[in-house]
Amino acid sequence: MTSFKVNVCVAQHIGDRQEQQDRVAIITSPRNPGAMLAIVADGMGGRTGGRMAADQVVSTAENLFKDMTERDSTFRDMLLHLAAEAHTVIRLTAISSEKEPHSTLCALIIKKNYAIWAHAGDSRLYFFRGAKLVHRTEDHTYAEQLRLEGRYEDAEIASGRYKNILVSALGINKKPKIVIGEDAALREGDVFLLASDGMWAYFEDDELAEIVQQLSPRDASERLVSLTRERAEGRGDNLSVAIIKLEPQPREAQRGRA
């Protein structure tokens with residue numbers, strides 16, 4: 001079974017907003033050695049509603065993942081449980097005087113050579129192998145739904161006029177659509193990037209691939225935040241990013257396993 005050194009960095013910026021409603025975290029579990037959970041949640045819904053929703057997603061993830069042992073249910077079940085529980089709590093704690101709070105979900109679990117992710121909303125997961133984009137999550141926006149239905153002219157209008165309308169997210173007034181993806185053959189050099197729309201909106205896939213492959217996660221995070229702020233021109237949203245890069249084990253560790 002292949003094992004990697006996992007090099008990780010997260011970064012955030014409030015952008016040009018009054019409040020930070022994104023949350024990003026890297027979580028490990030003392031009861032499940034070698035497993036790691038990365039999560040980005042972009043909250044929406046009024047002055048404090050969005051922040052509360054994103055906080056709830058991350059706190060639910062921390063509670064469930066830290067208590068999960070190797071003998072418990074699968075990572076897939078855990079991610080679906082995370083989404084269902086956070087969705088329910090956000091609904092129950094909605095503040096009536098504000099817009100309905102909700103949050104995106106972009107969560108990734110890696111253990112050894114296996115990765116599985118869950119997604120709802122328009123925060124994205126990118127999976128790069130070298131310069132190639134292996135996978136990118138599809139946005140759960142009204143515009144993207146129209147595009148999938150073949151209504152391209154309507155989708156073009158919606159992408160400008162209704163770009164913030166989500167058809168799936170945690171806390172909305174219907175059961176959210178949770179999309180699961182996985183890969184069981186990870187390789188050295190593979191990179192995952194999780195980002196809120198406040199960041200990815202300013203980049204093409206090829207540019208992201210080049211940055212995360214050429215730079216360390218820390219340097220890539222700093223570069224992405226800097227470019228986002230420059231390109232936002234004073235009108236930027238909150239932004240959050242997590243970069244996870246699979247690197248060779250140090251030689252000492254390799255000799256220890258021999």
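Count residues from 1 along the sequence.
- Counting heavy atoms from C-beta on, the side chains of V57 and R23 never come closer than 4.5 Å.
- Of the N and O atoms on the side chains of Q56 and T60, at least one donor lies less than 3.5 Å from an acceptor on the other residue.
- Between I178 and A118 the shortest heavy-atom distance is CG2-CB, 4.1 Å.
- Ring centroid separation for the pair H102 and H87 does not come in under the 6.0 Å cut-off.
- For the pair V191/Y126, no side-chain contact is recorded, criterion being any heavy-atom separation below 4.5 Å from C-beta on.
- A donor atom on one side chain and an acceptor atom on the other are found under 3.5 Å apart for Q12 and S240.
- Linking Ile, Leu, Val, Met, Phe, Trp and Tyr residues whenever their side-chain heavy atoms come within less than 4.5 Å places L105 and M78 in a single cluster.
- Annotation: side chain of V10 is not in contact with side chain of V241 (no heavy-atom distance under 4.5 Å).
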Please evaluate residues E247 and K245 with respect to the criterion salt bridge (Lys or Arg N to Asp or Glu O under 4.0 Å), reporting the C-alpha separation (whole Å), side-chain torsions for both, the decisive distance (0.1 Å), and the verdict.
CA-CA 6 Å; E247 299 178 346; K245 195 168 192 176; 5.2 Å; no

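- Contact check on R124 versus E138 returns no salt bridge, with no Lys/Arg side-chain nitrogen under 4.0 Å from an Asp/Glu carboxylate oxygen.
- Linking Ile, Leu, Val, Met, Phe, Trp and Tyr whenever their side-chain heavy atoms come within less than 4.5 Å leaves M199 and V24 in two separate clusters.
- No hydrogens or angles considered: nothing links the side chains of K66 and N32 as a donor-acceptor pair under 3.5 Å.
- Judged by distance alone, the side chain of D42 and the main-chain N or O of S196 form no donor-acceptor pair under 3.5 Å.
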Starting from the C-alpha separation in whole Å, work towards a yes-or-no answer on side-chain contact (heavy atoms from CB on, under 4.5 Å) for M36 and V8.
CA-CA 10 Å; M36 179 217 72; V8 180; 3.7 Å; yes

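- Taking hydrophobic clusters as Ile, Leu, Val, Met, Phe, Trp and Tyr residues chained together by side-chain heavy-atom distances below 4.5 Å, Y114 shares a cluster with L79.
- D139 and W200 get closest at one heavy-atom pair: OD2-CH2, 3.5 Å.
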Let's go through R76 and I180 carefully: what are the C-alpha distance in whole Å and the side-chain angles of both, what is the deciding distance for side-chain contact (heavy atoms from CB on, under 4.5 Å) to 0.1 Å, and is it a yes or a no?
CA-CA 8 Å; R76 176 185 290 267; I180 300 288; 3.6 Å; yes

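- Put simply, the side chain of L246 does not reach to within 4.5 Å of the side chain of R187, judged on heavy atoms.
- Under the side-chain contact (heavy atoms from CB on, under 4.5 Å) test applied with T141, the options D197, V167, L166 reduce to a single match, L166.
- There is a path of hydrophobic side-chain contacts, each under 4.5 Å, that joins F128 to L224.
- For the pair L133/F127, no side-chain contact is recorded, criterion being any heavy-atom separation below 4.5 Å from C-beta on.
- Here the closest non-hydrogen pair linking A41 and S103 is CB-OG, 3.5 Å.
- Contact check for L64 versus E85: side-chain heavy atoms found under the 4.5 Å cut-off.
- Atoms CD and CG, from Q20 and D237 in turn, are 8.5 Å apart once rounded to the nearest 0.5 Å.
- Here the straight-line distance linking atom CG of L193 with atom CZ of F203 works out to 9.5 Å at 0.5 Å rounding.
- Salt-bridge formation is detected for the pair R229/D16: a Lys NZ or Arg NE/NH1/NH2 atom is positioned less than 4.0 Å from an Asp or Glu carboxylate oxygen.
- In terms of heavy atoms, S123 sits closest to T137 at O-OG1, 4.0 Å.
- Side chains of L186 and F192 form a contact here, defined as non-hydrogen atoms less than 4.5 Å apart.
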Would you check, one step at a time, whether the test side-chain contact (heavy atoms from CB on, under 4.5 Å) holds for I244 with L194?
CA-CA 9 Å; I244 302 95; L194 284 64; 4.1 Å; yes

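- A distance-only check finds no donor-acceptor pair linking the side chain of R218 to the backbone of C9 [under 3.5 Å].
- From K175, atom NZ reaches atom CG of L170 across 12.5 Å, with rounding to the nearest 0.5 Å.
- In terms of hydrophobic clustering, with Ile, Leu, Val, Met, Phe, Trp and Tyr side chains grouped at heavy-atom distances under 4.5 Å, I243 and I116 are assigned to different clusters.
- Enclosure of atom CZ in R231 by more than 12 non-hydrogen atoms of other residues, nucleotides or ligands within 6.0 angstrom is indicated.
- In this structure a side-chain-to-backbone donor-acceptor pair under 3.5 Å is present from S168 to K177.
- Contact of the V225 side chain with the H13 side chain is registered, since non-hydrogen atoms from C-beta on lie closer than 4.5 Å.
- Rounded to the nearest 0.5 angstrom, I39 CD1 and L108 CG are separated by 10.5 Å.
- Crowding of R129 atom CZ: a count of heavy atoms from other residues, nucleotides or ligands under 6.0 Å exceeding 12.
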Going through the checks in order, is the side-chain contact (heavy atoms from CB on, under 4.5 Å) test met by R223 and L215?
CA-CA 9 Å; R223 178 66 173 157; L215 301 176; 4.1 Å; yes

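- Interatomic distance, E62 CD to D67 CG, rounded to the nearest 0.5 Å: 11.5 Å.
- Residue Y202 holds its OH atom at 13.5 Å from CG of L208, rounded to the nearest 0.5 Å.
- Closest of all the heavy-atom pairs between Q249 and F4 is NE2-O, 3.5 Å.
- Checked against I14 for a side-chain contact (heavy atoms from CB on, under 4.5 Å), the options N238, D22, L239 give a single hit: N238.
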